[in-house]
Amino acid sequence: MNGQARLGDFLRTRRSQLRPADVGVRTYGEHRRVPGLRREELALLAGVSASYYTRLEQGQSQRASPEVLDAIARALRLDESERLHLHDLAQADRDRPRARRPAPERVSEATRQLLEVLGDVPAVVLGRRSDVLAWNRSGHALFAGHLDPDAPQRAGGRPNMARLVFLDHHTRGLYVDWPGKARAVVGNLRLVAGQHPQDSALHALVGELGSKSTEFASMWADQRVKPCTVAAYEMRHPLVGALTVIQQTLSHGPGPVVVVATTETGSPARAALTLLAQAITPSTTRPTTPAPLPGPAQPGSQVLTD
């Protein structure tokens with residue numbers, strides 16, 4: 001599917017989700033075959049001709065201006081992330097290099113140092129396709145303790161958080177509100193797909209998840225986009241029980257991001273993470289009992305002298 005087709009799908013889906021009452025369009029009680037806005041109604045709200053908007057939805061218009069796209073975004077009531085996604089879709093076929101084998105994603109030395117400094121704060125390094133590139137000990141224990149801790153080091157067998165959320169029973173059971181977590185994963189993947197339309201590995205991942213999970217396919221068809229920045233999740237961990245964490249994405253530009261899980265000071269969740277850190281700390285050999293200090297000789301004992 002080319003960029004114009006993806007743009008058309010996005011516009012049609014989001015238009016169908018917008019009811020006339022949401023934008024003040026009066027229907028005068030008429031029977032409507034579809035619940036959403038009609039093309040001509042959306043075009044009127046955006047200030048463009050109905051014929052032009054129709055061509056845009058049908059993938060026949062190659063040069064929508066930024067001003068027109070912003071007008072359509074306002075008419076569709078898109079938020080800022082969705083507006084930028086709309087622009088990405090419209091630009092997908094313009095001056096883009098041909099699809100090529102994606103370059104392998106790596107973890108920089110600075111990021112490895114960050115993981116080390118974070119210590120007992122659970123942290124995971126994710127590539128743009130949600131591949132786990134690295135994690136610290138606490139991050140592995142919180143998010144995927146059932147997996148081999150060395151799995152991220154194998155480029156061909158790295159865990160993928162999107163796969164885990166949709167296809168792994170252990171990960172699915174971690175989240176009390178699994179649908180909310182799943183929608184966040186899908187929304188972020190769709191956002192990335194708009195930014196990297198030539199990423200064949202990303203499209204292969206989407207195709208795989210869509211074929212293996214009807215829930216993913218349904219959420220993907222919803223055309224919602226959502227950046228994974230900050231979100232609270234209630235979790236049920238097999239080792240430490242219930243806890244609520246704030247998952248935050250630390251990013252300073254293109255490339256891998258660091259996702260950390262934090263908790264409120266003094267909260268039961270903080271105590272649960274502390275317990276988790278203790279549970280996974282390698283046991284050390286206890287020091288031998290020191291010999292008693294010299295004292296007065298006891299009756300019947302032998303005192304050695306030079």
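Position 1 is the first residue of the sequence; numbering continues from there.
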Using only heavy-atom distances, determine whether the side chains of H85 and R190 contain a donor-acceptor pair under 3.5 Å.
no
Inset, instruction - Look at R129 together with E105 and state whether they make a salt bridge at an N to O cut-off of under 4.0 Å. - result: yes
Closest heavy-atom pair, P20 versus L37, reported as atoms and distance to 0.1 Å, is CA-CD2, 3.7 Å
message = Could you check whether atom CD of E215 has more than 12 heavy atoms from other residues, nucleotides or ligands sitting under 6.0 Å from it?
response = yes
Taking 4.0 angstrom as the limit, do R39 and E57 come out as a salt bridge? yes
Charged N to carboxylate O below 4.0 Å: is that the case for E82 and K226?
no
Check: Does NZ or CZ of K181 fall inside the cone over Y233's six-membered ring, less than 6.0 Å from its centre and within 45° of the axis?
Finding: yes
query = Is it true that R183 and D222 make a salt bridge, defined as a side-chain N closer than 4.0 Å to a carboxylate O?
reply = no
| Is the number of heavy atoms from other residues, nucleotides or ligands under 6.0 Å of R106 CZ greater than 12? | no
Could you check whether T229 and Q248, counting side-chain N and O atoms only, form a donor-acceptor pair closer than 3.5 Å? no
Correct closest heavy-atom pair for P227 and N188 would be CA-OD1, 4.0 Å
**Request:** Would you kindly say whether Q17 and R224 are connected by a side-chain donor-acceptor distance under 3.5 Å?
**Result:** yes
Under 3.5 Å, is there a donor-acceptor pair between the S108 and T111 side chains? yes
Item to check | Check ion pair D199-R128 (N to O, under 4.0 angstrom) | outcome: yes
Should R6 and D9 count as an ion pair when the cut-off is N to O under 4.0 Å?
no
Carboxylate-amine/guanidinium proximity below 4.0 Å for R112 and E116 = no
